[in-house]
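Lettering follows sequence order; numbering is per chain, from 1. When reading the values below, keep in mind they use all heavy atoms of this one structure, side chains included, and skip hydrogens, waters and symmetry mates.
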Amino acid sequence: MSIKLGDMSYQDRIEKGIENDFMREAVSSAQGRFRNGRLTQAEELGDWEDWRQLGSEIRTHTLENLDYYLQQLSEQVSKRGGNVFFAATAEEANAYIKKVIKQKNGKKVVKSKSMVTEEIGLNQQLEQMGAEVVESDLGEWILQLDEDPPSHIVTPALHKNKEQIRETFAEKRGYDQSDSPEELAAFAREQLRKDFLSADVGITGCNFAIAESGAITLVTNEGNARMVTALPDTQITVMGMERIVPTWEDMEVLVSLLTRAAVGQKLTSYVTSYTGARLEGEIDGPDDYHLVIVDNGRSKILGTEFQSALHCIRCAACINVCPVYRHVGGHAYNSIYPGPIGAVLTPLLDGYDDHKELPYASSLCAACTEACPVKIPLHEQLIRHRQIIVEQEKKSPVTEKIMMKGFAQWASTPAAYKLSTKLARTALKPWTKDETIKNGPGPLKGWTDVRDFPAPAKQSFRAWWKERKKGVNQ
Amino acid sequence: MVIHNHDAFLSNVAAHLGRPRRTSGVKRPTWSVRPQDRVFAGYSKEELIAVLKKQCQAIHTDVVEVKQHELTQALTDTIKRYEGKTVIAANDKRNALYGLDQFYEQLNEEIDVHIWDAQLGKENQIIAERTDIGISFSDITLAESATVTLFNDKHHGRSISLLPKSFIAIIPKSTIVPRMTQAAQQLHMSVEKGKDVPSCVSFVSGPSNSADIEMNLIVGVHGPIQATYIVVGD
Ligand code: SF4
């Protein structure tokens, strides 16, 4: 897999998403639960806005001094017996990782969930060289058995129901018990234990690298990252270059924000910080350790108006409040990074050519911006993407720019959005026909017909989509 | 150990940031806010224990509070409750302090007790995998999230709290702090003083769990299925 999930058109992906009733319901209920969890935790913690402010300051300072902190990190890892490889591209990262595995004569690789390794397509590369690769996060393992891409950052197999999971286990692993989640999980536990114990190489991603001591912090509930980092003798951490904090104290703040914003937990069951190779006399942990720091397009974002997109801590809070995601599901974004952050990040990393529809996958209601624990102005960045796309396509009348600016202000807070819903119906009248928006201004242009925009209109998204398909709205 | 390609990579980062490379002189600013210091500020140990106990309910973890001379009885009870036939424990200096050396010796007459032994190498992991119950002392205990912080080293393998079906953490009352902030501060200060931090710091809050199947909470996916904390007055 690479950042792009496949070649199916956005239109077809959206249709698939909308037709999948189970997925849409699962997404909607997960959104509700995650969102409520986040809000409860934020309230219980108190001072949530101060926490967000602190998170945002830490991320801003770190990114502004990224070269310094990356150097400090690499020196600390090296001091603790680890090797560090700076990879400018996906190819360089994959080549280095393959070289390490080959040198170790590694046959079996056990992995803990890592988005960056998906982004660089590592698994296929390893399989091509003849290594067996096992994803050990329960959700990821299910998807791996089924050869299906993830659809949510935190719960990757959200789109699958337990009957489908039972079927996959039966077909691929001879499972013959019920579809109760407990039995399914117990089966996975038993199967994966064998893999943990027999793997030659462990590969993980990285939630936060701590520059001052070279420690890599992983945040999980299942404990699979602990297994992966404790048992195999060769260990490789793959991190996007922005996943770094200056000190332990900063890590703590961001972990607190991450677990609350992601799943509404005070902390996950396991937060593990490991540093380099095991020390003399230690038994757990690798004797051969490698940290691979990946650029793969990230540096191009530095110094631009999109720099703060790199502040993302992958909590999925923006995804969990997005009305468009609710309707179309993760696969519709055709990127391993779905939802609002995916719509911002994917075109930055992979260019506009394949993803120019993505920035339109937003109602610009600004719920994402409000939910983001590190205060990334997501909806503003989406608007900026749209401007660039329009400008690049030389379809940029001045009026449209003005329109977008006004739109951004109008949609800048959910409260304003709600308040102005009625007004919007009037404001959008010139573009509205038969209760649907035919060819709206600025942000309403293009495929964004495919979003919850008839919110100001009376029609439901689903009904509207159906009609659109029939040609009523063409 | 080797650092590959860092010059080209970091120069490119600096170039995109629009300035020459920074290799020294970067100071962390004083952040404009520090909400983390306000959480449970001024709470007594008793109040923090109450916070911890409440949070244990949310993370499916049993918790008991005992006096030091009651510790071995509490351990015996928990091992019985878990129907443990085998136990693995860290070779912790505090074992002697809390009378556990003797206790484990006696226990070994009834069930198998293995004390982590660095000399045995990988054999320790194999034993841990077969063992019913792992027992560790907490080094720093975070009340807010009911988390035990384990500084792993050659006498205290990571496998103890990971591979057995059940996990028991012994929490000396003195180790309890409001939240992760204080643990992070302690680690940060060690680094500042030039001390090496442990090769693995494990923050563990209750048993392993997952919500990957239809968002149902399933306890014990990879690590321990059940956990008990024993808070000991000291
Ligand atoms: S953009 Fe913000 S809300 Fe979305 S995943 Fe990243 S950190 Fe979380």
Indicate the atoms forming the closest heavy-atom contact of [X] with [Y], along with that distance.
| X | Y | result |
| --- | --- | --- |
| B:Leu17 | A:Glu64 | CD1-O, 3.7 Å |
| A:Leu70 | B:Phe9 | CD1-CE2, 4.1 Å |
| A:Thr275 | B:Pro198 | OG1-O, 4.0 Å |
| A:Leu66 | B:Val13 | CB-CG1, 4.1 Å |
| A:Glu163 | B:Glu214 | OE1-OE2, 4.2 Å |
| B:Ser199 | A:Glu282 | OG-OE1, 2.6 Å |

Using a cut-off of under 4.5 Å for heavy-atom pairs, which of [options] has the most such pairs with chain A?
| options | value |
| --- | --- |
| B:Asn152, B:Asp196, B:Val219, B:Ile59 | B:Asp196 |
| B:Val197, B:Thr149, B:Thr61, B:Leu162 | B:Leu162 |
| B:Ala58, B:Ala211, B:Gly206, B:Ser24 | B:Ser24 |
| B:Glu192, B:His156, B:Arg22 | B:Arg22 |
| B:Leu150, B:Val221, B:Val39 | B:Val221 |
| B:Ser190, B:Gly25, B:Ser145, B:Ala183 | B:Ser145 |

Between [X] and chain B, with a heavy-atom cut-off of 4.5 Å, which part of the residue counts as in contact: side chain, backbone, both or neither?
| X | value |
| --- | --- |
| A:Tyr69 | side chain |
| A:Val77 | neither |
| A:Pro181 | both |
| A:Leu267 | both |
| A:Glu92 | side chain |
| A:Ile293 | both |
| A:Leu291 | neither |
| A:Leu192 | side chain |

Do [X] and [Y] have a side chain donor and acceptor closer than 3.5 Å?
| X | Y | answer |
| --- | --- | --- |
| A:Glu57 | B:Ser32 | yes |
| A:Glu222 | B:Ser208 | no |
| A:Gln71 | B:Thr23 | no |
| A:Arg226 | B:Ser161 | yes |

Quick check for you: among A:Ile210, A:Ile216, A:Asp284, A:Ile165, which has the greatest number of heavy-atom pairs under 4.5 Å with chain B? A:Asp284
Contacting moiety of [X], where chain A heavy atoms sit under 4.5 Å:
| X | answer |
| --- | --- |
| B:Pro224 | both |
| B:Val191 | side chain |
| B:Lys195 | neither |

Between [X] and [Y], is there a side-chain N and carboxylate O pair less than 4.0 Å apart?
| X | Y | answer |
| --- | --- | --- |
| A:Glu252 | B:Arg34 | no |
| B:Arg28 | A:Glu249 | yes |
| B:Lys122 | A:Asp233 | yes |
| B:Asp153 | A:Arg278 | no |

State, yes or no, whether a side-chain contact exists between A:Thr229 and B:Arg158 at a heavy-atom distance under 4.5 Å. yes
Any A:Thr272 side-chain heavy atom under 4.5 Å of B:Phe203 side chain: no
Applying the side chain to side chain contact (heavy atoms under 4.5 Å, CB included) criterion to A:Trp248, which one of B:Gln185, B:Gln186, B:His188 satisfies it? B:His188
Taking the side chain from A:Asp67 and the backbone from B:Leu10, do they hold a donor-acceptor pair closer than 3.5 Å?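 Pair absent, no side-chain N/O of A:Asp67 close to backbone of B:Leu10.
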State whether the side chain of B:Gln125 and the backbone N or O of A:Ala230 hold a donor-acceptor pair below 3.5 Å, judged by distance alone. yes
Side chain to side chain contact (heavy atoms under 4.5 Å, CB included) partners for B:Asn209, two or more places apart: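 Scan of B:Asn209 (side chain to side chain contact (heavy atoms under 4.5 Å, CB included), adjacent residues dropped) gives A:Asn221, A:Ser269, B:Leu217.
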Restricting to pairs with a member in residues 45-58 of chain B, which pass side chain to side chain donor-acceptor pair (under 3.5 Å), not counting sequence neighbours? A:Lys266-B:Gln55, B:Ser44-B:Glu47, B:Glu46-B:Lys173, B:Lys53-B:Glu65
Ring-ring centroid check A:Phe86 B:His4, cutoff 6.0 Å: no
